[in-house]
*Asks:* 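This is the structure I want to talk about, given as structure tokens.
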Amino acid sequence: MKKRSIMLIITLTVLIIAICVCLVVFLVNKNAIKKDEKISISLDELDKKIDQSNEFEFSKMNQINGEEASAKLLIDKSKIKNIIGREPIVHTKSSMYMIIETDSDSIQDVKLALESYGSEYDEEWKSYLPDQYELVKNREIGIRGNYVYMIVSENPEKILELIGVERSPSSCMSISS
């Protein structure tokens, strides 16, 4: 009887381990497929949706174009295929965003440039308006396909959802890819 119980326990243990291994392999393959998917975002449509979200006061913001982004981010303009973005005209609100389409070879360069710019933006707001500085500290920087983004907002989840990014609940200054 004891021998039978031991064999049953060993068999169940092996079965559970096999199921766990299969589950891990499935999840890894699923994520690998997701990363290889080509993502296409219409930046013009996205800009309209962001405007309609009422998350930003477009009337009090300047549009950011490729030339300005290149100068702000200190990157070669050729790394910016397309861009949408807004920044405050008057620095009483820190809310802003940039979403840059780039080629696959430049993704990390653009992301690093946005991270550097985010740090500069942080320094700019650090000793100014505490509530606005909190927004800057909680900025979202990430990658989705060939798109790199930085969002400073009271509700970045709204914009991330429009981009198609799932945000983890504990994310703060999220760096997703």
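Atoms considered below: every heavy atom in the structure, side chains included; atoms not considered: hydrogens, waters and symmetry mates. Along the sequence shown, residues carry numbers from 1. Not measured: the values here are computed from a predicted model.
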*Asks:* Under the salt bridge (charged side-chain N to carboxylate O under 4.0 Å, His left out) rule, collect the residues that match up with K79, sequence neighbours excluded.
*Replies:* D109

*Asks:* Testing the basics here: between I84 and I50, what is the closest heavy-atom pair and its distance to 0.1 Å?
*Replies:* CD1-CD1, 4.3 Å

*Asks:* Closer than 4.0 angstrom, basic N to acidic O: yes or no for E115 and K111?
*Replies:* yes

*Asks:* Check whether Y128 and V136 end up in the same hydrophobic cluster, where Ile, Leu, Val, Met, Phe, Trp and Tyr are linked by side-chain heavy atoms less than 4.5 Å apart.
*Replies:* yes

*Asks:* Among residues at least two apart in sequence or on other chains, which ones pass side chain to side chain contact (heavy atoms under 4.5 Å, CB included) with K158?
*Replies:* E55, N155

*Asks:* Should the pair R86 and F58 be classed as cation-pi, given the thresholds of under 6.0 Å to the six-membered ring centre and 45° from the axis?
*Replies:* yes

*Asks:* When Ile, Leu, Val, Met, Phe, Trp and Tyr are grouped by side-chain heavy atoms lying under 4.5 Å apart, directly or through other members, which residues fall in the same group as L12?
*Replies:* L8

*Asks:* If you measure from CG on L112 to CD1 on I75, what distance do you get to the nearest 0.5 Å?
*Replies:* 10.5 Å

*Asks:* Return the CD1 to CD1 distance between I143 and I107, rounded to the nearest 0.5 Å.
*Replies:* 6.0 Å

*Asks:* Hydrophobic side-chain clustering at under 4.5 Å (ILVMFWY, transitive links): who's grouped with M7? Put none if nobody.
*Replies:* none

*Asks:* Only counting residues at least two apart or in another chain, list the ones meeting side chain to side chain contact (heavy atoms under 4.5 Å, CB included) with I10.
*Replies:* I6, V14

*Asks:* With S95, which residues qualify under side-chain hydrogen bond (donor to acceptor under 3.5 Å, both in side chains), at least two apart?
*Replies:* none

*Asks:* Does E67, at its CD atom, have more than 12 non-hydrogen atoms belonging to other residues, nucleotides or ligands within less than 6.0 Å?
*Replies:* no

*Asks:* Looking at residues at least two apart in the chain, or sitting in another chain, which of them share a side-chain hydrogen bond (donor to acceptor under 3.5 Å, both in side chains) with D122?
*Replies:* Y133, R139

*Asks:* With sequence neighbours excluded, tell me which residues meet side chain to side chain contact (heavy atoms under 4.5 Å, CB included) with L129.
*Replies:* W125, D131, Q132

*Asks:* Applying side chain to side chain contact (heavy atoms under 4.5 Å, CB included), can you list everything that pairs with E161, at least two apart in sequence or on another chain?
*Replies:* none

*Asks:* Would you name the heavy atoms of L73 and A113 that are closest together and state the gap between them?
*Replies:* O-CB, 3.5 Å

*Asks:* Can you name the side-chain hydrogen bond (donor to acceptor under 3.5 Å, both in side chains) partners of D76, sequence neighbours left out?
*Replies:* S78

*Asks:* Count I, L, V, M, F, W, Y as connected when their side-chain heavy atoms are under 4.5 Å apart, and connections chain through other members. Are I39 and L160 then in the same cluster?
*Replies:* yes

*Asks:* Looking at residues at least two apart in the chain, or sitting in another chain, which of them share a salt bridge (charged side-chain N to carboxylate O under 4.0 Å, His left out) with E154?
*Replies:* none

*Asks:* Remaining members of I89's ILVMFWY cluster at a side-chain heavy-atom cut-off under 4.5 Å?
*Replies:* V90

